[in-house]
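Structure first, then comments.
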Protein chains: 2
Amino acid sequence: MENRLRVLRAERSWSQQDLAERLEVSRQSVNAIETGRYDPSLPLAFRIAELFGLTIEDVFESPSRRSSKAI
Amino acid sequence: MENRLRVLRAERSWSQQDLAERLEVSRQSVNAIETGRYDPSLPLAFRIAELFGLTIEDVFESPSRRSSKAI
DNA sequence: GAGAATAGTAAAGGATGCTTGTCATTCTGA
DNA sequence: TCAGAATGACAAGCATCCTTTACTATTCTC
């Protein structure tokens with residue numbers, strides 16, 4: 001599942017470690033999610049979306065929904 | 001994590017089996033999610049939201065977001 | 001009452017998420 | 001240039017998700 005985590009993190013100049021601490025997960029989990037090795041659990045997806053003030057749909061994108069979304 | 005799956009299903013008069021087939025999961029998985037024994041994976045949460053034409057936030061609700069949402 | 005449909009639960013096993021620990025590589029700045 | 005920060009990746013182990021199979025209880029319909 002595609003996600004915009006790396007972009008959102010970069011916009012805030014956070015390291016993976018910074019983000020991991022804010023989400024209360026390990027740095028390796030952040031890295032694995034960013035690099036697409038696995039998807040977060042639903043509770044973690046909620047924490048991620050809330051941290052960035054976005055909806056889950058804004059952060060993660062199911063393949064079927066990837067069409068021509070602006071920017 | 002709270003969810004409105006049972007209500008959404010009932011609104012459509014679907015059995016757990018009906019819903020399970022539409023989601024391509026087992027009836028027991030639907031039952032477990034409805035009764036709160038566990039949360040769906042993120043990909044399954046997306047399928048559920050898409051099936052009902054809602055956002056994930058509309059179907060599932062993190063504890064921190066449970067305040068005074070209308071109806 | 002018999003049979004079907006629905007729902008709740010359990011056990012066992014496979015798949016996935018998350019951890020700590022470790023190593024290699026790349027980036028950054030003094 | 002070189003040290004430290006940052007990143008990517010892997011392994012082992014535990015937790016969680018999801019499966020199949022199975023059993024039970026309730027309700028409904030004939």
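Any value given below was found using the heavy atoms of this structure, including those in side chains, with hydrogens, waters and symmetry copies removed. Please read these numbers as outputs of a predicted model, since none were measured by experiment.
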*Tell me what A:Ser29 touches on the nucleic acid: a base, only sugar-phosphate, or nothing, going by heavy atoms under 4.0 Å.*
base
*List the steps and the verdict of side chain to side chain contact (heavy atoms under 4.5 Å, CB included) for B:Ile48 and B:Phe60.*
CA-CA 10 Å; B:Ile48 292 170; B:Phe60 301 91; 3.9 Å; yes
*asked:* Looking at A:Ser15, I'd like to know whether one of its side-chain N or O atoms comes within less than 4.0 Å of OP1 or OP2 on D:dA5.
replied: no
*Kindly indicate whether the side chain of B:Gln28 and the base of C:dG8 share any N or O donor-acceptor pair separated by less than 3.5 Å?*
no
*How far apart are the closest heavy atoms of B:Glu34 and B:Leu19, and which atoms are they?*
OE2-CD2, 4.5 Å
*Starting at CZ of A:Arg37 and ending at C1' of C:dC18, how long is that distance when rounded to a whole Å?*
12 Å
*Do B:Arg27 and C:dG8 have a side chain to base donor-acceptor pair shorter than 3.5 Å?*
yes
*Report the distance from atom CD of B:Gln28 to atom CD of B:Gln17, rounding to the nearest 0.5 Å.*
8.5 Å
_Nearest-nucleotide pick for A:Val25, side chain only, options being C:dT9, D:dT7, C:dT19_ = C:dT19
*asked:* So, taking the atom named OG1 in A:Thr55 and the one named CD1 in B:Ile56, what distance separates them when rounded to the nearest 0.5 Å?
replied: 8.5 Å
_Nearest to the B:Tyr38 side chain among D:dC17, C:dT9, C:dC18, which nucleotide is it?_
D:dC17
_Rounding to an integer number of Å, can you tell me how far A:Asp18 CG sits from D:dA5 P?_
13 Å
*Are B:Arg9 and C:dA7 close enough that a side-chain N or O sits under 4.0 Å from OP1 or OP2?*
yes
*Are B:Asn31 and C:dA7 close enough that a side-chain N or O sits under 4.0 Å from OP1 or OP2?*
no
_Show the nearest heavy-atom pair for residues A:Arg4 and A:Asp58, with the distance to one decimal._
NE-O, 3.4 Å
_End-to-end axis angle, where each axis spans five pairs of the helix from C:dG1-D:dC30 to C:dA30-D:dT1, to 10°_ = 40°
*Is any side-chain N or O of A:Ser41 closer than 4.0 Å to OP1 or OP2 of C:dC18?*
yes
*Compare all side-chain heavy atoms of B:Phe52 with those of B:Arg12 and state whether any distance is below 4.5 angstrom.*
yes
_Can you identify which nucleotide, out of C:dG8, C:dT19, D:dT7, has its nearest atom closest to the B:Gln16 side chain?_
C:dG8
*State, with a plain yes or no, whether a side-chain heavy atom of A:Asp39 is found less than 4.5 Å away from one of B:Pro43.*
yes
